[in-house]
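Taking it in order: structure first as structure tokens, then the write-up.
Side chains included, hydrogens not; waters and symmetry mates left out as well; all remaining heavy atoms used. Residue numbers count from 1 along this sequence.
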Amino acid sequence: MLEVFHKLAPYALPKAEKEKLLLSAMRELTEWHRHRCIPYQRYLDAIGYDPAGVKTLENVPFLPIRAFKELQMKSISDDAVFKVMMSSGTSGQKQSRIYLDRETAVLQQKVLLRLLGDFIGNRRLPMLVIDSDAVIKDRRNFTTRGATIMGLEFAARRMVFALDEQMQLKEDVLDDFIQAHGADRFLIFGFTFMVWQHLFRRLKQAGRTANLSNAYLLTAGGWKKLVNLKISNEDFQKMGQAVCGIKHYVDHYGMAEQTGCIYAACEYGHLHASIYSDVMIRRFRDFSPCKIGERGFIQLLSSLPHSYPGHSILTEDEGIIEGEDDCPCGRKGKYIRILGRVEQAEIRGCSDTYGAHI
């Protein structure tokens, strides 16, 4: 099934064609994990799962995302574990543990690059990372931050980290990067709050600017902290333009439990589901499917997780589907808006815990 997807452009399939292919993949994955992951099998038994009842994507059983914090959810043997990814979270909270074999890890990286390439092109570019290289030093046990950065390493011709271990901006490194690469197209990656705090604000506080006008700024996560500070997406982009001259922004939504299948924002600000994934919105009262424009729990479907049963998960985020197959950017599929964490859900954020350094 994935070989079929790989032959297609990432946002090429209209609703009916995509649902037919993805439904087949979801059925196969549900059976795959049911026979290889005992906790998942028990969960399906408990909810009365019947394979014959899965006639549409809305019928695919979903696993609450908290299961990855409480149970060892893996469909591979211990000796097949290539990498363990840890979800982000504040100090003292349980973290999800996501078990990857080599094949799943490679697949996730391949798809991530395909999706990003649709927005920024397929040429490998120099990348300035607004983080410290300390976050990637333990390559077997990654947090979401580290895993996301390493997943992007394959898209970068050269990767340079702009912060030291105390999360201070290394201005000499920034200036050297601009001198070497600033005249041509390049990438900047950072979690949204960290870009605001450690690049934009630090430069403004220092009374200086940096010419990053040829950059594509890839951001992810960290919006909750900006919202708490009453900083909007418009404020964020205005600051980036004023201090760094940045004109091109690509935000995205994703999580450790489904690495690879990101929901990237187009030039109209819509977060798009690709042919590899889909999204449902479930009502709070009974988990029934919501209509377009109706808010509820976000359920994410992905064809990528083969080493753990993360192909259909119910998140603790709320959002709405804004439309399907009709975005002005021309990309097919659903596009969504994220409204934030559900009230009383366990707090976490992709920026991880570095509050002591702020």
| So, does Gln299 use its side chain to make a donor-acceptor pair with the main chain of Phe62 at under 3.5 Å? | no
| message | Is it the case that the side chains of Tyr276 and His6 hold a donor-acceptor pair, with the cut-off being a distance below 3.5 Å and no angle test? | response | yes
| field | Contact summary for Ser302 and Cys261, nearest pair of heavy atoms | value | OG-SG, 3.3 Å
| message | Could you check whether Phe186 and Phe177 have their ring centres less than 6.0 Å apart? | response | yes
| field | Flag, side chain of Lys83 to backbone of Ala105, donor-acceptor distance under 3.5 Å | value | no
| message | Within the 3.5 Å criterion, strictly below it, is a donor on His270 or Arg331 matched to an acceptor on the partner's side chain? | response | no
| request: Flag yes if more than 12 heavy atoms outside Gln205 fall under 6.0 Å of its CD atom; otherwise flag no. | output: yes
| message | Checking salt bridge (Lys or Arg N to Asp or Glu O under 4.0 Å) between Glu294 and each of Arg337, Arg282, Arg285, Arg283, which is the one that passes? | response | Arg283
| said: Closer than 3.5 angstrom, by distance alone: can the side chain of Arg36 be matched with the main-chain N or O of His306 as a donor-acceptor pair? | reply: no
| Arg42 backbone acceptor or donor facing Asp45 side chain under 3.5 Å | no
| message | I'd like to know if the side chain of Ser307 and the backbone of Ile76 have a donor-acceptor N/O pair within less than 3.5 Å. | response | no
| Got a salt bridge between Glu171 and Arg208, using NZ or NE/NH1/NH2 to carboxylate O under 4.0 Å? | yes
| So, does His198 use its side chain to make a donor-acceptor pair with the main chain of Gln168 at under 3.5 Å? | no
| request: Check the pair Lys238, Glu234 against salt bridge (charged side-chain N to carboxylate O under 4.0 Å, His left out), reporting the backbone distance first and the verdict last. | output: CA-CA 6 Å; Lys238 280 184 177 179; Glu234 183 180 355; 3.3 Å; yes
| request: Go through Cys37 and Tyr308 one step at a time and tell me if the side chain to side chain contact (heavy atoms under 4.5 Å, CB included) criterion holds. | output: CA-CA 8 Å; Cys37 178; Tyr308 65 99; over 6 Å; no
| field | Side chain Asp325, main chain Lys15, donor-acceptor under 3.5 Å | value | yes
| query | Does Gln41 use its side chain to pair, donor to acceptor, with the backbone of Arg34 at less than 3.5 Å? | reply | yes
| task | Evaluate side chain to side chain contact (heavy atoms under 4.5 Å, CB included) for Ile120 paired with Leu218, printing each intermediate quantity in order. | result | CA-CA 9 Å; Ile120 64 175; Leu218 311 179; 4.0 Å; yes
| remark: Closest heavy-atom pair, Ser213 versus Lys247, reported as atoms and distance to 0.1 Å, is O-NZ, 3.2 Å
| query | Are more than 12 heavy atoms from other residues, nucleotides or ligands located less than 6.0 Å from atom CZ of Arg124? | reply | yes
| Any side-chain heavy atom of Met26 sitting closer than 4.5 Å to one from Asp278? | no
| said: Is a donor from one side chain sitting under 3.5 angstrom from an acceptor on the other, for Asn233 and Tyr249? | reply: no
| field | Check: Thr192 side chain, Thr219 main-chain N or O, donor-acceptor pair, under 3.5 Å | value | no
| said: Salt bridge or not between Lys69 and Glu257? Use side-chain N to carboxylate O under 4.0 Å. | reply: no
| field | From CA spacing to verdict: side chain to side chain contact (heavy atoms under 4.5 Å, CB included), Leu163, Leu169 | value | CA-CA 5 Å; Leu163 307 183; Leu169 179 65; 4.1 Å; yes
| said: Whether the Thr56 and Glu19 side chains hold a donor-acceptor pair (N or O, under 3.5 Å, no angle test) is what I'd like checked. | reply: no
| query | Can you list the steps and then say if Tyr99 with Gln72 is a side chain to side chain contact (heavy atoms under 4.5 Å, CB included)? | reply | CA-CA 9 Å; Tyr99 298 88; Gln72 189 180 71; 3.5 Å; yes
| message | For a quick test of reading the model, state the closest non-hydrogen atom pair linking Tyr40 to Pro61 and the distance between them. | response | OH-CG, 4.4 Å
| field | Glu3 with Lys7: basic N within carboxylate O range, under 4.0 Å | value | no
| request: Measure the acute angle between the ring planes of His272 and Tyr11, then classify it against the limits of 30° and 60° as parallel, tilted or perpendicular. | output: perpendicular
| field | Heavy-atom donor-acceptor pair, Lys18 side chain to Ala12 backbone, under 3.5 Å | value | no
| note | Smallest heavy-atom separation, Phe200 atom then Phe236 atom, equals CE1-O, 3.6 Å
| query | If you take all heavy atoms of Lys55 and Leu23, which pair is closest and at what distance? | reply | O-CD2, 3.3 Å
